[in-house]
Amino acid sequence: MNSKQRMNCVMNGKKPDRIPVMCQLSLGHIYKNTDINPFEFWYTAKGLSQGYIQMADRYKFDGILVNKPGIDDPALKDEVKSIIKSGDGYLLTWKNGLQTFFPPDDDPRDIDVDRKTPDKKIASIDIDMVRRNASEPLTPYYLDPLKFVISARGADLSIHGEVSTVFESFLLLLGSYENGLMALVDDPDKSIQIMQVMNQKVIRQARAQCELDIDALKLSSPIAGAGFISRQFYKSFVLPFEKEVIDTVHKEFKIPCYIHTCGAIGDRLDLMLETGTDGLECLDPPPLGTVDLAEAVETIGSKVFIKGNLDSVNELIKSSEEIREIVLKRLEIGSRAKGYILSSACSVSPKVPPENIVILHDICTQYQKKTCES
């Protein structure tokens, strides 16, 4: 059984030959631990995709999540004047005089450029303008990273696409999370109307990725947990839109979907299942979140596959022996679920040493061998 088959087994409720391993890596972690030119990694589909592939091979992951679309025009390379070493990073100077700094383990930062969206009130939002923006065609290079990864490793690894759900996009439309959350209170009906329009773009993005025959689609909904909104707000402003995307993917492509929500979701696992999702990701344990894996397996483990529950901030930075003990406990509990994928709860931090991720595959393999022998 290869990695692709193994992951497909888990996501479709069948037992694989061993528990698969697949973590989402922060882009800063990938960049820090590869030797890819900063411009190539952050601004080209090929460089980014090489980063995904190099790390998946290094860590012996069973799948690759392509979580950044090809949003940057390849013609940008002609606009570069110079790239020089600067402190602990690199400084790119564009021909127009603007500069971008590349830290050694984080996203690029434009210097002296204010990209903050102006604060807005819900009453000022023109729904027709939102509709026009939502109907604009996807860029011709939107799918390039996915195409590159599928071409290179799609035969043997499980390749996952990703769409950002409409909830966070709506909040940012108002200029900040605070303004967006207030809009839900001030005018819930208009807020829902706007999200209904914006969700059609999310569905178009999902369709475009699924047409490439990806193995799964992740719905990124990081701030839909209890730290931001109540159960009632989740039911009104998150659940219907995620359900619409998932229903579309299931009906038109029959591709598994899973939802990624960070932090405190222990109080809404039942609501998340109402979206029709095939799996749930993150399930952050305390102190990052509120999910106890044993309780999650008991309540939802027979209904969906589970991916995550390893704390990248507090657990994956420990010694190898401590990590081994932590992971073995997760494997013992997770193996009781319909399907379990060993994974960090959220993205692997740049501060996590690579050797701490390398051992995850070995622990899974040893656990399976021990289980078979017993």
Side-chain angles (χ1 to χ4, degrees), residues 24 26-27 67-69 71 107 109-110 113-136 138 142 162-206 217-246 248 257-269 271-272 274-275 277 280-282 284 288-290 345-347:
Q24 174 179 332
S26 65
L27 294 180
N67 59 338
K68 183 179 179 183
I71 57 175
D107 292 4
R109 301 167 187 167
D110 293 327
V113 174
D114 183 9
R115 295 188 179 275
K116 186 178 183 298
T117 304
D119 288 343
K120 299 177 183 178
K121 300 295 184 183
I122 186 68
S124 69
I125 302 298
D126 181 348
I127 295 180
D128 288 335
M129 178 64 73
V130 174
R131 185 174 290 106
R132 287 193 293 273
N133 291 339
S135 63
E136 290 180 356
L138 304 179
Y142 172 77
E162 175 179 316
V163 292
S164 295
T165 56
V166 75
F167 180 65
E168 184 176 14
S169 299
F170 169 78
L171 299 186
L172 294 177
L173 179 69
L174 278 296
S176 68
Y177 291 159
E178 293 86 349
N179 286 346
L181 291 170
M182 286 305 302
L184 302 180
V185 177
D186 293 338
D187 197 336
D189 292 338
K190 186 175 181 179
S191 297
I192 289 173
Q193 187 179 358
I194 291 171
M195 283 192 275
Q196 287 171 336
V197 172
M198 295 177 71
N199 207 40
Q200 298 313 301
K201 182 173 183 178
V202 178
I203 290 174
R204 286 195 296 117
Q205 292 171 332
L217 181 72
K218 170 186 153 184
L219 281 71
S220 179
S221 187
I223 60 171
F228 278 89
I229 55 174
S230 66
R231 276 177 59 91
Q232 185 55 51
F233 268 40
Y234 185 93
K235 290 174 68 173
S236 299
F237 302 115
V238 177
L239 195 160
F241 306 105
E242 294 184 356
K243 178 174 173 55
E244 184 180 18
V245 176
I246 292 170
T248 299
C257 298
Y258 59 101
I259 297 172
H260 172 111
T261 299
C262 307
I265 62 171
D267 71 329
R268 60 198 60 198
L269 295 177
L271 297 180
M272 296 176 77
E274 290 183 23
T275 63
T277 187
L280 294 180
E281 182 178 65
C282 276
D284 292 286
L288 281 185
T290 57
C346 198
S347 300

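Heavy atoms only: backbone and side chains are in, while hydrogens, waters and symmetry mates are out. Worth saying up front: this structure is predicted, and the values here are computed from it rather than measured.
The backbone N or O of Val197 sits nowhere less than 3.5 Å from a side-chain atom of Arg131 that would complete a donor-acceptor pair. Counting only distance, with no hydrogens or angles, the side chain of Thr290 and the backbone of Gly266 share a donor-acceptor pair below 3.5 Å. Listed for the Asp187 side chain is a donor-acceptor partner under 3.5 Å among the backbone atoms of Lys190.
When all heavy atoms of Cys257 and Ile246 are compared, the pair lying nearest together is CB-CG1, 4.0 Å. Taking each heavy atom of Thr261 and Pro222 in turn, the nearest pair found is CG2-O, 4.1 Å. Taking all atoms of both residues into account, the shortest heavy-atom contact from Ala183 to Leu174 is CB-CG, 4.1 Å. When all heavy atoms are compared, the tightest approach of Glu242 to Leu219 is O-CD2, 3.9 Å. The minimum heavy-atom distance linking Met195 with Phe237 is given by the pair CE-CD2, 3.5 Å.
Distance check: Phe241 CZ to Gln196 CD gives 5.5 Å after rounding to the nearest 0.5 Å. Rounding to the nearest 0.5 angstrom, the gap separating the CZ atom in Arg204 from the CG atom in Leu138 is 5.0 Å. The distance from the CG atom of Leu217 to the OH atom of Tyr258 is 8.5 Å, given to the nearest 0.5 Å. For the atom pair OG of Ser220 and CD of Glu281, the computed distance is 8.5 Å after rounding to the nearest 0.5 Å.
Looking at Asn179 and Lys120, their side chains never come closer than 4.5 Å, going by heavy atoms from C-beta outward. For the pair Cys346/His260, a side-chain contact is recorded, criterion being any heavy-atom separation below 4.5 Å from C-beta on. The shortest distance between side-chain heavy atoms of Ile229 and Ile223 does not fall below 4.5 Å. In this structure, the side chains of Val238 and Thr275 stay at 4.5 Å or more apart for every pair of heavy atoms.
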